[in-house]
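The chains referred to below are lettered A, B, ... by the order of the sequence lines, with proteins before strands, and numbering in each begins at 1.
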There are 2 protein chains.
Amino acid sequence: MLATMLADTATDWAAYARAVLVRAGHHRGAARERLIDLLARQNCALSAIEIEDALRRGRRGQRPVGRASIYRTLELLHAHDLVIRLDVGDGVARYEPAGPTSEHHHHHLLCDHCGRLVPFEDAALERSIEKLSDRLGFRTTDHEVTLRGDCPDCR
Amino acid sequence: MLATMLADTATDWAAYARAVLVRAGHHRGAARERLIDLLARQNCALSAIEIEDALRRGRRGQRPVGRASIYRTLELLHAHDLVIRLDVGDGVARYEPAGPTSEHHHHHLLCDHCGRLVPFEDAALERSIEKLSDRLGFRTTDHEVTLRGDCPDCR
DNA sequence: CAGAGAACGAGACCGAGTCTCACTCTTGTC
DNA sequence: GACAAGAGTGAGACTCGGTCTCGTTCTCTG
Ligand SMILES: [Zn+2]
Ligand SMILES: [Zn+2]
Ligand SMILES: [Zn+2]
Ligand SMILES: [Zn+2]
């Protein structure tokens, strides 16, 4: 039982995120709960608009989630490093779960042709970025790499 | 005379940009000319709004440059690789001159503390990104790397 | 259960960027 | 030079992510 739950990264991340927020002294509200559930369920980056669309229509008579709550919660999650904020330059911010118990750190290829966002991870790239920071004398807390080109489907 | 002109990268880029556009069959209009002059004069990235502010108040009875012309021209310059479009995630696009006669391809560090944008270039990074694309089987046309951290002044 | 204040939702608001359309200017042709 | 043809232009309406406000609702503690 417990083992299965812990093996489930989605449940795991949601639980972790809730724990972090409660420990930081936050109450639990409906909007937050639903947003965390939604994010935990998804495995690729979601834009704020997509989140809004998914949560606005509250199913089964649930009270719909307001836009302000969505942005507030995303900001809160981001402040606690529970979420990665991804900017690909099309004017919409995307968010995906992050933290100890979620997927690994990764980057993206943005397809020029179909607009799809393809995640990838590469240890060699990470190593060379780390070396780069040292070489330049920057103390970096984060980095973002975005490739543009044709995704496998569009070649 | 000519030597001094050619040594002046700003003049150089402006001339190059104009040549590219004319060769591509474009007419020369006042807005384009003024925008190219402005970009050539600047040496760091400029946001569209900053450009608009600089060109709206047409000095010496010049007709003011309209917003549409600014965005159109930036798009055109970008399509001809005469300008680099830089997105640091604050919701404003920044542009800087690019091409054979301007600065080299480079990337940026965004300071978490003072918000400054620090350009850097690094051959080793470029090499490892090239290798990365091959390894992943992507055909990439462009890439963007942004580091976040503390700039030299803020350490 | 009651009070304090955190969290919430509706909707007004903001602002970077897009679109439209009537007008102006550049350019090639005679 | 005069003259189309059509590229280029500018005012301003518009779009739409995202922010702010404010009165209401809920969560937690005692
Ligand atoms: Zn594609
Ligand atoms: Zn990385
Ligand atoms: Zn700084
Ligand atoms: Zn590069």
Side-chain angles (χ1 to χ4, degrees), chain A residues 17-38 45-59 61-80 82-83 85-95 115, chain B residues 17-38 45-59 61-80 83 85-95:
Chain A
R18 289 192 173 104
V20 169
L21 293 184
V22 166
R23 205 170 308 146
H26 291 283
H27 292 186
R28 334 181 87 192
R32 215 114 91 188
E33 298 294 300
R34 306 238 330 255
L35 180 37
I36 288 176
D37 282 343
L38 177 65
L46 230 52
S47 74
I49 291 298
E50 289 168 333
I51 293 173
E52 190 177 355
D53 286 347
L55 296 185
R56 188 183 290 287
R57 45 174 190 282
R59 55 185 173 188
Q62 281 173 316
R63 207 170 156 211
V65 175
R67 175 182 302 180
S69 298
I70 291 173
Y71 285 98
R72 264 189 307 239
T73 301
L74 287 174
E75 189 185 351
L76 182 66
L77 291 173
H78 188 244
H80 286 275
L82 291 167
V83 116
R85 187 197 158 113
L86 180 63
D87 243 294
V88 292
D90 61 348
V92 291
R94 276 157 233 272
Y95 299 83
Chain B
R18 288 190 173 103
V20 168
L21 294 184
V22 167
R23 205 170 307 145
H26 291 283
H27 294 185
R28 337 180 85 193
R32 215 115 91 187
E33 298 294 299
R34 307 240 325 259
L35 179 37
I36 288 176
D37 281 343
L38 177 65
L46 229 54
S47 73
I49 291 298
E50 289 168 333
I51 294 173
E52 190 176 355
D53 286 346
L55 296 185
R56 188 184 289 288
R57 43 175 191 282
R59 56 185 174 190
Q62 281 173 318
R63 206 171 156 214
V65 175
R67 175 181 304 176
S69 297
I70 292 173
Y71 285 99
R72 264 189 307 242
T73 301
L74 287 173
E75 188 186 352
L76 182 66
L77 291 173
H78 188 246
H80 286 275
V83 115
R85 186 198 159 115
L86 180 62
D87 244 294
V88 291
D90 60 349
V92 291
R94 276 157 235 272
Y95 299 84

Separation between CG of Leu35(A) and CZ of Arg72(A), rounded to the nearest 0.5 Å: 12.0 Å
Atom-pair distance (CG on Leu76(A); P on dT19(D)), nearest Å: 14 Å
Sugar-phosphate, base or nothing in reach of Ala68(B), heavy atoms under 4.0 Å: base
Integer-rounded Å distance: dA10(C) P and Leu55(A) CG: 12 Å
Closest to the Tyr71(A) side chain, choosing from dT9(D), dG17(C), dT19(D): dT19(D)
Earlier contact from the 5' end, DNA chain D, for Arg85(A) and Glu33(B): Glu33(B)
Trace of the side-chain contact (heavy atoms from CB on, under 4.5 Å) decision for Leu21(B) with Leu77(B): CA-CA 8 Å; Leu21(B) 294 184; Leu77(B) 291 173; 4.1 Å; yes
Any Arg18(A) side-chain heavy atom under 4.5 Å of Glu33(A) side chain: yes
Ser69(A) side chain near dA7(C) phosphate (N/O to OP1/OP2, under 4.0 Å): no
Interatomic spacing from CD in Glu75(A) to OH in Tyr95(A) - rounded to 0.5 Å: 8.5 Å
Proximity to the side chain of Val65(A) - top-ranked nucleotide from dA7(C), dG9(C), dT27(C): dG9(C)
Base dG12(D) paired with Arg67(B) side chain (donor-acceptor, <3.5 Å): no
Euclidean distance, atom CD1 of residue Ile70(A) to atom C1' of dA7(C) [Å, nearest integer]: 14 Å
Length of the line joining Leu21(B):CG and dT27(C):C1', which is rounded to integer Å: 16 Å
Distance in Å, Ile49(A) CD1 paired with Arg94(A) CZ, rounded so as to fall on 0.5 Å steps: 11.0 Å
Below 4.0 Å: OP1/OP2 of dA7(C) and any side-chain N or O of Arg32(A): yes
Distance, rounded to the nearest Å, where Gln62(A) contributes CD and dC8(C) contributes P: 14 Å
Distance in angstrom units between Glu75(A) CD and dC8(C) P, rounded: 13 Å
Proximal nucleotide (of dC28(D), dA16(C), dG10(D)) relative to the Val92(B) side chain: dA16(C)
Minimum-distance nucleotide to Ala93(A) side chain [options: dG18(D), dA6(C), dA16(C)]: dG18(D)
dA7(C) phosphate, OP1 or OP2, under 4.0 Å from His26(A) side-chain N/O: yes
Approximate separation, where rounding is to 0.5 Å, of Arg23(A) CZ and His80(A) NE2: 11.0 Å
Separation of atom CG in Asp53(B) from atom C1' in dG17(C), rounded to whole Å: 14 Å
His27(B) side-chain N/O to dC25(C) phosphate OP1/OP2 under 4.0 Å: no
N/O (side chain, Arg63(B)) to phosphate O (OP1/OP2, dT9(D)) under 4.0 Å: no
Value in whole Å for how far the P atom of dG17(D) lies from CG of Leu46(A): 14 Å
Check: dG18(D) base within 3.5 Å donor-acceptor of Arg72(A) side chain: no
